[in-house]
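Notes for the one structure printed next.
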Amino acid sequence: MLDGSGATLATGTLSPVADASYLQGTGKLSDPCNGLFTLRLSTVSSTQDVFCTFLNGTVLFSSFKCPLPLDPGNAYEYFYGCGLK
């Protein structure tokens, strides 16, 4: 995923949310969220979750990135938008 100036915002392989064990199960999402895809990018210093859905040649996306270790006082980064074909 690139922004308008060509900078990489996220890269990876999308998987259905229903297949993401860290999102599905007891105490997590109970709906399989058909049509919603995700990818998780983890490094030693952060975790980023990206969510995408596709509709009529358009992609809607959002991303949330938090620093590690997890701390309620830490700020997180996010972006969202759409891509048109």
Side-chain angles (χ1 to χ4, degrees):
M1 185 178 304
L2 306 174
D3 68 11
S5 64
T8 301
L9 298 173
T11 185
T13 302
L14 292 174
S15 300
V17 164
D19 293 347
S21 60
Y22 58 91
L23 294 173
Q24 295 288 317
T26 307
K28 300 174 186 171
L29 295 173
S30 58
D31 186 314
C33 302
N34 294 326
L36 185 61
F37 299 87
T38 188
L39 68 96
R40 176 168 273 187
L41 306 168
S42 296
T43 67
V44 231
S45 60
S46 69
T47 296
Q48 179 180 9
D49 286 301
V50 178
F51 298 92
C52 300
T53 191
F54 302 89
L55 178 65
N56 298 328
T58 301
V59 60
L60 302 174
F61 58 86
S62 62
S63 168
F64 304 90
K65 183 177 183 179
C66 64
L68 295 175
L70 293 175
D71 180 337
N74 284 349
Y76 62 91
E77 297 175 29
Y78 69 94
F79 63 85
Y80 56 89
C82 68
L84 306 173
K85 182 177 177 184

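Because the structure is predicted, anything quoted here is derived from the model rather than measured.
Here the side chain of N34 pairs no donor or acceptor atom with the backbone of A18 at under 3.5 angstrom. With hydrogens and angles ignored, the 3.5 Å screen pairs a side-chain donor or acceptor of T53 with a backbone N or O of G35.
Closest of all the heavy-atom pairs between A75 and P67 is O-CD, 3.1 Å. The nearest pair of heavy atoms linking Q48 to S63 is NE2-OG, 2.7 Å. When all heavy atoms of N74 and L70 are compared, the pair lying nearest together is ND2-C, 4.5 Å.
Residues S5 and D3 bring a donor and an acceptor atom of their side chains to less than 3.5 Å of each other.
Looking at T47 and Y22, their side chains never come closer than 4.5 Å, going by heavy atoms from C-beta outward. Inter-residue side-chain proximity for S46 and E77 is flagged as unmet; no heavy-atom pair is nearer than 4.5 Å. Residues Q24 and L29 form a side-chain contact, since some pair of their non-hydrogen atoms from C-beta on lies under 4.5 Å apart. Residues C52 and L14 have side chains in contact (heavy-atom distance under 4.5 Å, counting atoms from C-beta outward).
Between Y78 and Y76, the angle of the ring planes lies from 30° to 60°, which puts this pair in the tilted group.
Both L39 and M1 belong to a common hydrophobic cluster when Ile, Leu, Val, Met, Phe, Trp and Tyr are linked at side-chain heavy-atom distances under 4.5 angstrom. Two different hydrophobic clusters hold L36 and V59 under the rule that ILVMFWY side chains link at heavy-atom gaps under 4.5 Å. Both F79 and L41 are part of a single hydrophobic cluster, where members link through side-chain heavy atoms under 4.5 Å apart. In terms of hydrophobic clustering, with Ile, Leu, Val, Met, Phe, Trp and Tyr side chains grouped at heavy-atom distances under 4.5 Å, L9 and V50 are assigned to a common cluster. Hydrophobic clustering (side-chain heavy atoms under 4.5 Å, transitive across Ile, Leu, Val, Met, Phe, Trp, Tyr) keeps F51 apart from F54.
F37 CZ to D19 CG: the interatomic distance, rounded to the nearest 0.5 Å, is 9.5 Å.
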